[in-house]
Every structure is written in C-alpha cells, then in structure tokens.
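Data block below; observations after.
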Number of protein chains: 2
Amino acid sequence: MKKRDHKECVSALLPVKDTLDLIGGKWKLLIIISIWEGNKHFREIERSIPKLSTKVLAKELKELEMNKLLHRNVIDDFPVRIEYTLTEHAKSLKTVIGTLHSWGLTHRKAIFEK
Amino acid sequence: MKKRDHKECVSALLPVKDTLDLIGGKWKLLIIISIWEGNKHFREIERSIPKLSTKVLAKELKELEMNKLLHRNVIDDFPVRIEYTLTEHAKSLKTVIGTLHSWGLTHRKAIFEK
DNA sequence: GTAACTGGTTACTTTTGGTAAGCAAAGATA
DNA sequence: TATCTTTGCTTACCAAAAGTAACCAGTTAC
C-alpha cells in the first residue's frame with residue numbers, strides 16, 4: 001500500500017509538503033477563512049482580505065476548486081449569482097487554522113517587538 | 001492594549017496572516033522541520049529537501065534568522081563550520097507542524113485520488 | 001594532483017505577482 | 001433617460017521573485 005516514493009524517508013517533511021502544496025502560499029488559507037466567516041461572493045471575499053487583488057483571487061479560487069477545497073455554485077436566479085462554499089475537506093482544516101491562529105496571537109508580538 | 005489596527009475586525013484572518021508572514025511560503029516550514037530532524041549544516045539541509053536550490057535556501061535561512069526562528073552559529077574550530085539551530089520560537093511551532101502533518105496524511109490521498 | 005566537499009554568491013532566464021483598465025449585464029441614482 | 005455603480009471576472013503590461021547553473025576560496029580525501 002504505497003503512498004508515494006518515500007524511499008527510506010520517514011520524516012514529517014513530505015506530508016507537510018503535501019499540505020503546503022494545497023494550502024500554502026500567501027492567500028489560500030486566508031481565502032478559506034474568509035469564506036468560513038460568511039463571505040460567499042467574489043467581491044465580498046476580495047474586500048475582506050487586504051491587499052488581495054482580483055487577478056490573484058480569481059487564480060486562487062480556481063486552484064482551491066481544483067483541489068476540492070471549495071465549490072463554485074452558480075445560482076440561477078436573475079441575475080445569476082456565484083457563491084463559493086467550502087467542502088468538507090476545507091472544513092477539516094479547522095484545527096490547522098486554529099493552531100496557526102493561536103501561534104500568531106502568541107508569537108507575533110514576541111518576534112517583532114523584542 | 002492595542003495589538004494592531006484591527007478596527008471592527010475580530011476574525012481569525014489577521015493572526016493567521018501574521019503566522020503566514022513568518023512561516024508561509026513554500027520552504028520555511030520544511031527547512032524548520034529539516035533542522036528539527038537533525039540537519040544542522042547548509043548542504044545537509046539542502047540535500048534533505050528535494051528541489052530546494054542553494055540560492056533560495058540561503059535567502060530563506062536569512063529570513064528565518066531575521067525573524068528569530070533560527071540561529072546561525074559559527075563554530076570556530078578548523079576549518080570553520082556553520083551550524084543552524086532552532087530557537088524556542090521555532091520549537092513552539094511543534095503543534096502547528098503536527099496538525100499540518102496529520103492533515104497531509106489524512107487528506108492528500110482523498111483529494112488527489114478521488 | 002585532482003576530484004569532491006564546505007557555505008555560499010553571481011549572472012541570466014523564466015515564472016509569478018501586482019496594477020490598472022476594461023467588459024457585459026443589471027440596479028440604483030439623478 | 002443618462003450615467004454611475006456593482007457584479008464576476010479577463011487582459012495587457014511591468015516589476016519582483018524564483019529557478020538554473022556556473023563559480024569561488026578553503027579543505028580534505030584519493
């Protein structure tokens with residue numbers, strides 16, 4: 001039951017790298033959090049994340065969709081609206097987001113203000 | 001006791017962003033893990049992380065040092081050797097790495113092979 | 001003596017990212 | 001009725017980052 005070409009390597013490196021391939025980068029986790037907190041529409045998400053540009057948001061949403069972390073729902077009333085929602089995979093990131101959140105609260109101050 | 005200009009925002013976004021500013025990006029966490037697992041020297045770290053180039057490693061190590069996540073120790077015997085070691089801040093990332101690790105083990109398969 | 005290792009730097013190319021504008025369809029404002 | 005705004009994006013352009021590869025001086029093993 002091979003997962004991958006791990007050879008003799010039994011470190012945390014590859015599983016962490018797998019995770020980073022999906023949610024690494026500057027914006028993906030922030031986008032997931034934003035949708036989590038109630039933003040469903042493109043412009044809502046864009047406005048909720050400072051410095052995130054339309055172009056990059058469009059690209060990141062596509063990648064997140066490809067990786068099954070969110071759905072793009074076309075709501076067919078008039079006019080058509082688009083709604084982004086999280087998948088169960090994305091929701092399972094809750095503990096990941098939780099630890100990053102509390103690490104940020106605890107350590108940012110210490111590192112920047114010492 | 002203001003932390004930052006949060007205005008009305010009380011979401012997880014900014015603390016997570018703070019964390020990502022320090023350990024986000026493709027390589028930083030992997031480098032921390034590599035050192036954690038016993039690699040102390042430049043070439044050791046480089047070889048332990050597939051696809052990581054010397055140039056990028058040099059840059060990332062500088063940034064990690066600046067952000068007090070590791071120390072660059074010059075060992076003054078002959079010849080001079082350089083040793084990279086983690087700070088306590090980096091060690092406090094243990095739970096972060098742990099959650100990313102187990103998320104990777106659980107979800108990578110589901111997302112890529114479905 | 002020459003090949004390989006150390007911890008990197010430098011020059012060059014390619015890829016990614018940011019800025020700003022634009023677009024079609026619809027709604028609100030004047 | 002005109003025009004201004006909002007929606008969900010795309011496109012063109014330029015700057016910044018990242019990848020590739022060669023190179024360097026000092027050391028050590030063959």
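Heavy-atom basis, side chains included; hydrogens, waters and symmetry copies ignored. Residue numbering restarts at 1 for every chain, and letters A, B, ... go by the order of the sequence lines. Quantities reported herein were computed from a predicted structural model and do not represent experimental measurements.
Closest approach to the A:Ile82 side chain among C:dG18, C:dG7, D:dG8 is made by D:dG8 (side chain taken as heavy atoms from C-beta onward). With D:dG19, D:dT7, C:dG8 as the choices, the nucleotide that has an atom nearest any side-chain atom of B:Tyr84 turns out to be C:dG8. The side chain of B:Phe78 approaches D:dT27 more closely than any other nucleotide in the set C:dA26, D:dT10, D:dT27. When distances are taken from the side chain of A:Lys55 to each of D:dA12, D:dG19, D:dC9, the shortest belongs to D:dA12. Minimum atom distance to the side chain of A:Arg72 is reached by D:dC9, of the listed D:dC9, D:dT7, D:dG19. Of the listed nucleotides (D:dG19, D:dC9, C:dG18), C:dG18 has the atom at the smallest distance from the side chain of A:Lys26. Nearest to the side-chain atoms of B:Ala58 among the listed nucleotides D:dG8, C:dT9, D:dG19 stands C:dT9. Considering only side-chain atoms of B:Thr54, the nucleotide from C:dG17, D:dA22, C:dG7 that sits closest is D:dA22. Among the nucleotides C:dG8, D:dG8, D:dG19, the one closest to the side chain of B:Arg43 is C:dG8. Among C:dA26, D:dT7, D:dT20, the nucleotide with an atom closest to any side-chain atom of A:Pro79 is C:dA26.
The CD atom of A:Glu46 sits 12 Å away from the P atom of C:dT19 (whole-angstrom rounding). In this structure, NZ of B:Lys28 is placed 11 Å from P of D:dA17, rounded to the nearest angstrom. Note: CG (A:Asp76) to P (C:dA25) measures 16 Å, nearest angstrom. Across the protein-nucleic acid pair, B:Ile45 atom CD1 and C:dT6 atom C1' stand 13 Å apart, rounded to whole Å. When the P atom of C:dG7 is taken as reference, atom CD of B:Glu65 falls 15 Å away, rounded to whole Å. Taking atom NZ of B:Lys59 as the reference point, atom P of D:dA17 lies 8 Å away to the nearest angstrom. Summarising the geometry, the separation between CD on B:Glu44 and P on C:dG8 is reported as 13 Å, rounded to the nearest angstrom. In this structure, the CD1 atom of B:Ile31 is 15 Å from the C1' atom of C:dG7, given to the nearest Å.
When all heavy atoms of B:Ala12 and A:Glu37 are compared, the closest pair comes out as N-OE2, 3.0 Å.
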Quiz prompt | Residue pair B:His101, B:Leu105: steps toward the side chain to side chain contact (heavy atoms under 4.5 Å, CB included) verdict | solution = CA-CA 6 Å; B:His101 181 207; B:Leu105 287 175; 3.7 Å; yes

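In terms of polar N and O atoms assigned as donor or acceptor, the side chain of A:Arg81 never comes within less than 3.5 Å of the base of D:dG8 in a complementary pairing.
Using the six-membered ring where Trp is involved, A:Tyr84 and A:Phe42 have ring planes that are tilted, between 30° and 60° apart.
Heavy atoms of other residues, nucleotides or ligands lying less than 6.0 angstrom from NZ of B:Lys59 number more than 12.
Classification of A:Asp77 and A:Arg81 as a salt-bridged pair fails, no side-chain N sitting under 4.0 Å from a carboxylate O. Note on B:Glu65 versus B:Lys62: no salt bridge recorded, every NZ/NE/NH1/NH2 to OD/OE distance being 4.0 Å or above.
The shortest distance between the side-chain N/O atoms of A:Lys62 and the OP1/OP2 oxygens of D:dT10 is below 4.0 Å. Note on B:His41: every side-chain N or O is 4.0 Å or more away from OP1 and OP2 of C:dT6.
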